[in-house]
Amino acid sequence: LDFKAVSFLDSEALELLLRFHEEFKNRGGRFKIIGINTICRDILNATRLINVFNVYEDIHQAIKDVS
């Protein structure tokens, strides 16, 4: 999921992201987030969701990580 056009994450967005993450995981996939700005990264850090989601700087890093 490319976040370059996302400027802020509220609780509803975080809940939706968690649902996406769980759905991908349940189907054997990986939910990856790329291109988040400083504000969104700070929100993920503050909520500790940065440790739940797979967050990458860009698409190239996300593709390289196949683990």
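Given the structure is predicted, the values throughout are model-derived calculations rather than measurements.
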- prompt: For the residue pair Phe31 and Phe53, does the interplanar ring angle fall in the parallel (under 30°), tilted (30 to 60°) or perpendicular (over 60°) class?
  reply: perpendicular
Could you state the interatomic distance from [atom1] ([X]) to [atom2] ([Y]), rounded to the nearest 0.5 Å?
| X | Y | atom1 | atom2 | value |
| --- | --- | --- | --- | --- |
| Leu16 | His21 | CG | NE2 | 13.5 Å |
| Phe20 | Leu18 | CZ | CG | 11.0 Å |
| Ile34 | Asp2 | CD1 | CG | 4.0 Å |
| Phe8 | Cys40 | CZ | SG | 8.0 Å |

Charged N-O contact under 4.0 Å between [X] and [Y]:
| X | Y | result |
| --- | --- | --- |
| Arg30 | Asp65 | yes |
| Arg19 | Glu15 | yes |
| Arg41 | Glu57 | yes |

task: Dump the intermediate steps for side chain to side chain contact (heavy atoms under 4.5 Å, CB included) on Phe24 and Asn26, then the final yes or no.
output: CA-CA 6 Å; Phe24 275 76; Asn26 290 341; over 6 Å; no
- prompt: Can you find a heavy atom in the side chain of Leu49 that is under 4.5 Å from one in the side chain of Leu17?
  reply: no
- prompt: Judged by atom type as modelled, is there a donor-acceptor pair below 3.5 Å linking the side chain of Asn37 to the main-chain atoms of Lys4?
  reply: no
- prompt: Checking Lys32 side chain against Asn54 main chain: does a donor-acceptor pair fall under 3.5 Å?
  reply: no
query: Side-chain heavy atoms under 4.5 angstrom apart, residues restricted to Ile, Leu, Val, Met, Phe, Trp, Tyr: same cluster for Val6 and Ile50?
result: yes
- line: Closest non-hydrogen atoms of Leu9 and Ile43, given as atom of the first, atom of the second and distance, are O-CD1, 3.5 Å
- prompt: At their closest point, which heavy atom of Leu44 faces which heavy atom of Leu14, and how far apart are they?
  reply: CD2-CD2, 3.9 Å
message: Does atom CD1 (Ile39) have a neighbourhood of more than 12 heavy atoms from anything else shown, all under 6.0 Å?
response: no
